[in-house]
Amino acid sequence: MGRILIVDDEPHTRRVLALNLRQDQHEVAECAGVQEARKALVAEDFDVVLTDQKMPDGDGLQVLATAIEANPTVSVVIITAFATVDLAVESMRQGAFDFITKPFQPEVVRAAVSRACERTRLRRENVLLKDIVVHLEGSPEIYGSSAAMQAVRELIGRVAPTNVTVLITGETGTGKELVARAIHKNSPRAAKPFVAVNCAAFTETLLESELFGHEKGAFTGAHQYRQGLFEAAHQGTLFLDEVAEMSPAAQAKLLRVVTDGQVVRVGSTQPRKVDVRLLAATHRDLAQRVSEGLFRQDLYYRLAVVPIAIPPLRERREDIATLSELFLRQTALELKLPKRTIIPQAIEKLKRYDFPGNVRELQNLIERASILSSGSELGAENFPVPLSSDRSGAQGGSPGAPSVPLADVLPEVNDLRNFLAEVEKTLILRTLKSTNGAQAEAARRLGISRSDLGYKIAKYGISDPEQ
Ligand SMILES: Nc1ncnc2c1ncn2[C@@H]1O[C@H](COP(=O)(O)OP(=O)(O)OP(=O)(O)O)[C@@H](O)[C@H]1O
Ligand SMILES: [Mg+2]
């Protein structure tokens, strides 16, 4: 079954065609002329277009041209009472899939439309596969054919062979770590270590000893000397994730390493030379943090020599089909599930969702749907997500936002900072309770990164939510 557009100026013919096609469970839309068809084709994706040749405001070949321009994988069938060999040849040359003469036998049309649907399906699959192959050749693991992702891959290709510091920015789950790993993999340092450190996961002093190492007795509990991650990443790449969360003291030390390539362990004065390529990432606007005085400007310039900004998934919805296909195959392989397909309506639904958790959220949705569904196809009902155009409400429509205006339910506040912290802590605790303490799931539900949640848990001193 597919989505079919019938274009014919005679209402009777349209009715007969529609009746017949609906018997095969196709979804049918009708247009009475070329102009109307143009609008429909631009607004919606059809699998098959069934068009009359001669109409008062134009002809079937014009519909054919518009249909292919709007969607190159569509299959167009032309029906005409004025069949000539010339017209048949010309329509095929311009990309029509089939050509039927009036008066037609309903079975002939039904069979032609079934074949056309199948051909469209195969062509779409092919486009996806080609897309995947192209990416395997470039930066293997980074999928998506949107202009934005092509630009990201191109940038990776350019910076990978060099030693420049790259600042990767993007919302949670957009693929920042993936990009960092791709840069390392494609660099001359690929055979040396890639060390990732999440700056949000440590307290101030721990982060310093983690990064730069410490001498025996440098602080209480430092019974042994310890090599830092800079030394561990010698000749390789060090990835500073959530770099915006670094304390001022750690920032100052980091600046020293970046400027003179030397680390000094905590509790020592002895500088050690290290050869490390730095990559950094943050989900925050680091320039903004600089202007707020929370991040050192000199360090910012050192880190953001080449910035790579990964746009949120909702700003590159054309990547959703390719990524869904990829995660579907990955999930099937990893979990040894039977091979499934996602029907186009489900993809259409996903394309209308805003994905606050970006690519990671899409990955989770596909995984969950694969596990929970028993059929061979994943349909729209397997993805229970709110659609962006369905959202409403005074709070800007964030998922789960209350329908009562916030102003009506909030108390008088005389200490905003504390109040907001209390609200944040309460929501985190509530979510952790509902996930039985599972932090990854809680982070996903809250639409924040796992590391951000870890950071907040430490900040609020939340220990075990079960207690
Ligand atoms: N373009 C892509 N192609 C294939 N997989 C992707 C792509 N982008 C993201 N992913 C996958 O999505 C998941 C999230 O990516 P990643 O961990 O790199 O995001 P992140 O930006 O570092 O997130 P966070 O801010 O939460 O740390 C990973 O499993 C990653 O492999
Ligand atoms: Mg990350």
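A quick note: this is a predicted structure, and the numbers were derived from the prediction, not measured. Because only heavy atoms are used, hydrogens play no part in the values below, and waters and symmetry mates are left out as well, while side chains stay in. Start at 1 and go down the list; that is how both ligands and their atoms are numbered.
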Taking atom types as modelled, is there a side-chain donor on [X] or [Y] under 3.5 Å from an acceptor on the other?
X      : Y      : result
Arg445 : Ser434 : yes
Thr174 : Asn358 : no
Arg368 : Asn382 : no

(request) Given salt bridge (charged side-chain N to carboxylate O under 4.0 Å, His left out), test Asp452 with Lys459 step by step and report yes or no. (result) CA-CA 10 Å; Asp452 215 349; Lys459 177 167 138 194; over 6 Å; no

(request) Could you tell me how the ring of Phe230 sits relative to the ring of Phe212: parallel (under 30°), tilted (30 to 60°) or perpendicular (over 60°)? (result) parallel

(message) I'd like to check the ring-ring contact (aromatic ring centres under 6.0 Å, His included) partners of His214; sequence neighbours left out, ordered by chain and number.
(response) Phe219

(request) Using a strict cut-off of under 4.0 Å between a residue heavy atom and any atom of ligand 1, list the qualifying protein residues by chain and number. (result)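 Residues near ligand 1: Glu141, Ile142, Tyr143, Met149, Glu171, Thr172, Gly173, Thr174, Gly175, Lys176, Glu177, Leu178, Leu323, Leu326, Phe327, Val359, Arg360, Gln363, Ser449.
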
